[in-house]
Amino acid sequence: MPAHDRSVTPSKNANDLMLGMSVGGLETHYALGSSEDTVLTPDFRILLSGPGEFDFAVSTDSHGNTCVRGLTGNGSAATVAELMGDRTYKVKPTEQAVFSRRTD
């Protein structure tokens with residue numbers, strides 16, 4: 001993804017990470033202790049909350065549709081929440097879920 005389509009921000013204590021992306025995809029393959037990492041898309045917040053093993057594929061398109069898929073070896077859930085709404089969903093370790101941008 002082009003550099004202007006993403007941002008990476010660590011927390012003050014450097015234990016948590018926030019990754020912002022407008023379009024594109026990423027894979028996670030790492031363990032977290034008692035910390036939380038966040039992936040932000042234009043429409044959704046994806047929370048990876050430790051402790052746990054996180055092996056996920058995340059992608060978002062230019063329409064705001066976002067896919068979160070547990071990969072082989074994944075042992076933890078991810079929580080997806082709307083940025084402009086109150087819906088949330090927990091993606092189980094072996095699950096794939098597609099979230100459509102709300103248009104109402």
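Since the model is a prediction, treat every value here as computed from it, not as a measurement. Below, all heavy atoms of this structure are taken into account, side chains as well, without hydrogens, waters or symmetry copies.
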* **Over all atoms of both residues, closest heavy-atom pair of Val91 and Val68** => CG1-O, 4.0 Å

* Leu19 side chain near Leu40 side chain, heavy-atom distance below 4.5 Å -> no

* Nearest heavy atoms of Met21 and Val39, plus distance in Å -> SD-CG1, 4.1 Å

* **With sequence neighbours excluded, residues passing side-chain hydrogen bond (donor to acceptor under 3.5 Å, both in side chains) with Thr66** => Thr60

* To do: For Ala78 and Leu48, work out which heavy atoms get closest and say how close.
  => CB-CD2, 3.7 Å

* Could you tell me which residues satisfy side-chain contact (heavy atoms from CB on, under 4.5 Å) with Thr88, sequence neighbours excluded, listed by chain and number? => Ala81

* **For Ser59, all residues meeting side-chain contact (heavy atoms from CB on, under 4.5 Å), sequence neighbours excluded** => Cys67

* Asked: Donor-acceptor pair, Glu53 side chain versus Gly75 backbone, under 3.5 Å?
  -> no

* With sequence neighbours excluded, residues passing side-chain contact (heavy atoms from CB on, under 4.5 Å) with Leu71 -> Glu27, His29, Asp55, Ala57, Arg69

* Shortest non-hydrogen separation from Ser100 to Asn65 and the atoms involved -> CA-OD1, 3.3 Å

* To do: Grab the two heavy atoms, one from Gly52 and one from Ser76, that are nearest each other, plus how far apart they are.
  => CA-OG, 3.2 Å

* May I ask you to test the Val80-Ile46 pair for a side-chain heavy-atom distance under 4.5 Å? => yes

* Under the side-chain hydrogen bond (donor to acceptor under 3.5 Å, both in side chains) test, residues paired with Ser49 that sit two or more places apart -> Glu36

* Contact summary for Leu47 and Thr38, nearest pair of heavy atoms -> CD1-OG1, 3.7 Å

* Asked: Which ring pair (Phe, Tyr, Trp, His ring centres under 6.0 Å) pairs, counting each pair once, include a residue from residues 54-76, with sequence neighbours left out?
  -> none

* Asked: What pairs with Lys90 under side-chain contact (heavy atoms from CB on, under 4.5 Å), at least two apart in sequence or on another chain?
  -> Ala77, Thr79

* Asked: Who pairs with Phe99 by ring-ring contact (aromatic ring centres under 6.0 Å, His included), at least two apart in sequence or on another chain?
  -> Phe44, Tyr89

